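No hydrogens, no waters, no symmetry mates; every other heavy atom, side chains included, goes into these values. Order of appearance sets the numbers: ligands from 1, and atoms from 1 within every ligand. Since this is a predicted model, take the numbers as computed values, not measurements.
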Amino acid sequence: MSLQKLVINQFRNIDSASITFHPKINLIFGENGSGKSSLLEAIYLLGLGRSFRTHLTNRVIQYEQTHFTLYSEVNYQQRLLPIGLQKSKSGETTLKIDGQVAKKLAALTQYIPIQLITPESTSLLSGSPKNRRAYLDWGVFYHDPTFYSNWSRIKRILKQRNAALKQCNAYKELQVWDNELCVLSEQISAQRADYFAKLQPLIEQTIADFLPEFTIKSHFFCGWDKNNKPLAQYLSDNFHRDKQLGYTSIGPQKADLKIKINNLPVDDVLSRGQLKLLVYALRLAQGLFLNAIDHKQCVFLIDDFSSELDSTKQKVLAKHIIESDAQVFISAISANSIEDLFTQERTLFHVKQGKITVER
Ligand SMILES: Nc1ncnc2c1ncn2[C@@H]1O[C@H](COP(=O)(O)OP(=O)(O)O)[C@@H](O)[C@H]1O
Ligand SMILES: [Mg+2]
């Protein structure tokens with residue numbers, strides 16, 4: 001899977017652009033405010049149906065305009081698949097995949113598996129477990145075709161259970177949900193654990209290359225302590241507490257990826273630049289996994305590549321990115337900070353006031 005062509009209309013400061021990408025490395029440079037992040041945002045939107053900078057469509061539609069349009073041609077299963085997305089200020093969304101109207105934006109996710117790395121990405125390590133669950137589930141989604149339906153089902157059950165929790169008086173009124181909830185929770189946890197067990201060696205290997213001076217341990221927590229008691233028991237024991245909280249406090253919705261150095265949280269020990277390297281290691285490991293085991297090509301969007309990284313680390317990173325066999329989009333303020341790191345199989349784009357041109 002790779003993005004061959006992208007046409008952008010009225011998206012942020014990009015009035016119109018029609019770009020043919022390199023199947024491997026795309027270097028994007030331009031001054032602050034030129035539109036580099038907007039270009040990456042457009043690709044991300046086509047991959048996931050949402051922005052990484054805002055959840056408000058109006059923010060990405062060009063000022064004074066009523067809608068934005070994105071059209072792309074994606075290499076998918078040995079052919080070129082057209083995907084078009086339009087969103088308007090009034091809230092209408094039109095998504096067309098291969099000429100057919102698709103009702104749900106979620107339909108997009110299977111075509112372009114995107115990994116995003118920005119200066120804000122360290123929140124994967126310092127932010128809430130939700131970020132790490134999203135990281136893990138990204139991989140499980142592409143690895144295990146039944147995961148998505150399990151995950152959507154459990155989300156619905158939890159919503160219903162939480163609503164019922166607020167109204168009911170005795171635990172037995174919740175049992176209709178809990179039987180299915182427990183079965184699905186076990187399945188989801190097994191799917192996540194299986195994926196993580198396979199991913200872990202790749203993570204450790206990549207971390208050893210990026211941060212050889214640290215011993216970093218990662219561990220998957222499924223959301224409850226299986227050695228202590230079964231989930232069903234937790235659910236009934238926690239009834240009064242959960243009722244007060246207004247939500248179900250234990251289960252796969254609380255899963256986490258614990259990443260530690262000498263048993264300390266990584267963000268207590270590592271510098272910002274080192275945290276960023278760790279995020280790169282985690283995300284590149286997933287890209288490698290996707291390629292080697294799931295036989296799908298990953299698309300990396302890397303915004304502000306050079307920020308917070310010294311030149312030695314930039315070289316190590318560049319080597320891994322090149323070897324990953326992914327399609328990559330890398331932005332930086334100046335061309336000379338990145339063009340010497342990626343000398344082959346690349347196209348260099350210059351962005352200036354929303355205009356995108358091929359440099360060489
Ligand atoms: N909805 C919009 N319409 C037009 N311009 C916008 C919109 N939203 C943001 N901008 C402008 O687009 C420019 C490009 O932003 P951005 O892509 O973040 O630049 P870069 O990443 O190159 O620093 C900025 O000057 C910003 O003010
Ligand atoms: Mg930017």
Side-chain angles (χ1 to χ4, degrees), residues 3 6-19 21-22 25-72 85-94 105 112 114-124 272-273 275-276 279-280 283 299-309 314 317-318 321 327-339 341-342 346-360:
L3 209 62
L6 177 64
V7 181
I8 304 176
N9 277 297
Q10 297 166 2
F11 187 92
R12 297 247 189 221
N13 72 332
I14 305 170
D15 182 37
S16 88
S18 177
I19 319 155
F21 291 122
H22 196 287
I25 293 166
N26 297 276
L27 303 177
I28 300 148
F29 74 97
E31 291 171 358
N32 286 329
S34 56
K36 305 179 296 296
S37 299
S38 302
L39 172 56
L40 299 184
E41 190 179 24
I43 299 172
Y44 188 92
L45 232 152
L46 269 173
L48 283 104
R50 57 185 160 81
S51 159
F52 60 85
R53 297 203 282 189
T54 175
H55 58 271
L56 304 170
T57 306
N58 284 2
R59 296 270 164 88
V60 298
I61 296 171
Q62 191 160 68
Y63 304 142
E64 325 271 324
Q65 301 295 339
T66 55
H67 62 272
F68 75 77
T69 316
L70 301 172
Y71 169 80
S72 66
L85 175 68
Q86 186 175 79
K87 281 192 176 213
S88 74
K89 259 191 182 142
S90 53
E92 280 161 56
T93 298
T94 313
L105 285 172
I112 321 173
I114 289 182
Q115 284 283 355
L116 170 76
I117 299 169
T118 73
E120 289 76 44
S121 289
T122 50
S123 66
L124 175 62
R272 290 254 329 153
L275 282 172
K276 197 171 166 189
V279 172
Y280 269 104
R283 298 210 173 273
V299 172
F300 275 97
L301 305 180
I302 303 174
D303 206 8
D304 287 329
F305 176 78
S306 321
S307 79
E308 287 166 313
L309 299 174
Q314 286 185 27
L317 253 181
I321 290 169
Q327 187 184 29
V328 283
F329 298 84
I330 300 170
S331 86
I333 289 172
S334 74
N336 52 19
S337 65
I338 42 173
E339 62 183 344
L341 293 169
F342 304 92
R346 60 147 215 221
T347 304
L348 191 63
F349 296 93
H350 183 201
V351 188
K352 195 175 177 185
Q353 293 177 344
K355 295 266 178 290
I356 303 162
T357 49
V358 175
E359 193 77 0
R360 57 188 168 269

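Residue E31 approaches ligand 1 through these ligand atoms, each under 4.0 Å from one of its heavy atoms: 22 (O). Ligand-side atoms of ligand 1 in range of R59: 1 (N), 2 (C), 8 (N), range being under 4.0 angstrom from any heavy atom. Interface atoms of ligand 1 facing S34, defined by a heavy-atom separation under 4.0 Å, are 19 (O), 20 (P), 22 (O). Close approach of ligand 1 to N32 (heavy-atom distance below 4.0 Å) involves ligand atoms 23 (O).
Ligand 1 lies out of reach of G30, whose nearest heavy atom is not under 4.0 Å from it.
Looking at R53, its side chain never comes within 3.5 Å of a backbone N or O of V60 through a donor-acceptor pair.
Between the side chains of Q86 and T94, no donor N or O sits under 3.5 Å from an acceptor N or O. Side-chain contact, S307 with K276: a donor N or O sits under 3.5 Å from an acceptor N or O. Between the side chains of D303 and S331, at least one donor N or O lies within less than 3.5 Å of an accepting N or O.
Ranking protein heavy atoms by distance to atom 11 (C) of ligand 1, first place goes to N13 CB, 4.1 Å. Of all protein heavy atoms, the one lying nearest to atom 14 (C) of ligand 1 is G33 O, 3.3 Å. Scanning all protein heavy atoms for the shortest distance to atom 10 (N) of ligand 1 gives Y63 OH, 3.7 Å. Summary of contacts: the protein heavy atom closest to atom 4 (C) of ligand 1 is R12 O, 3.2 Å. Nearest protein neighbour of atom 18 (O) of ligand 1, counting heavy atoms only, is R53 NH1, 2.9 Å.
For the Mg ion (ligand 2), the set of nearby N, O or S atoms under 2.8 Å includes one belonging to S37.
Nearest heavy-atom pair, A332 versus K36, reported as atom, atom and distance to 0.1 Å: O-CD, 3.4 Å. When every heavy atom of N13 is checked against every heavy atom of G35, the shortest pair comes out as OD1-CA, 3.6 Å.
The distance criterion of under 3.5 Å between nitrogen or oxygen atoms is met by I61 with respect to ligand 1. Distances between N or O atoms of N58 and those of ligand 1 include no value under 3.5 Å.
Sparse packing is recorded around CD of E31, with 12 or fewer heavy atoms of other residues, nucleotides or ligands lying under 6.0 Å away. By the neighbour-count criterion of 12 heavy atoms within 6.0 Å, atom CD of Q353 is sparsely surrounded, having that number or fewer from other residues, nucleotides or ligands.
Taking the six-membered ring for Trp, F300 and F305 have ring centres at least 6.0 Å apart.
Nearest residue to atom 21 (O) of ligand 1 from S38, S331, S37 is S37 (criterion: closest heavy atom).
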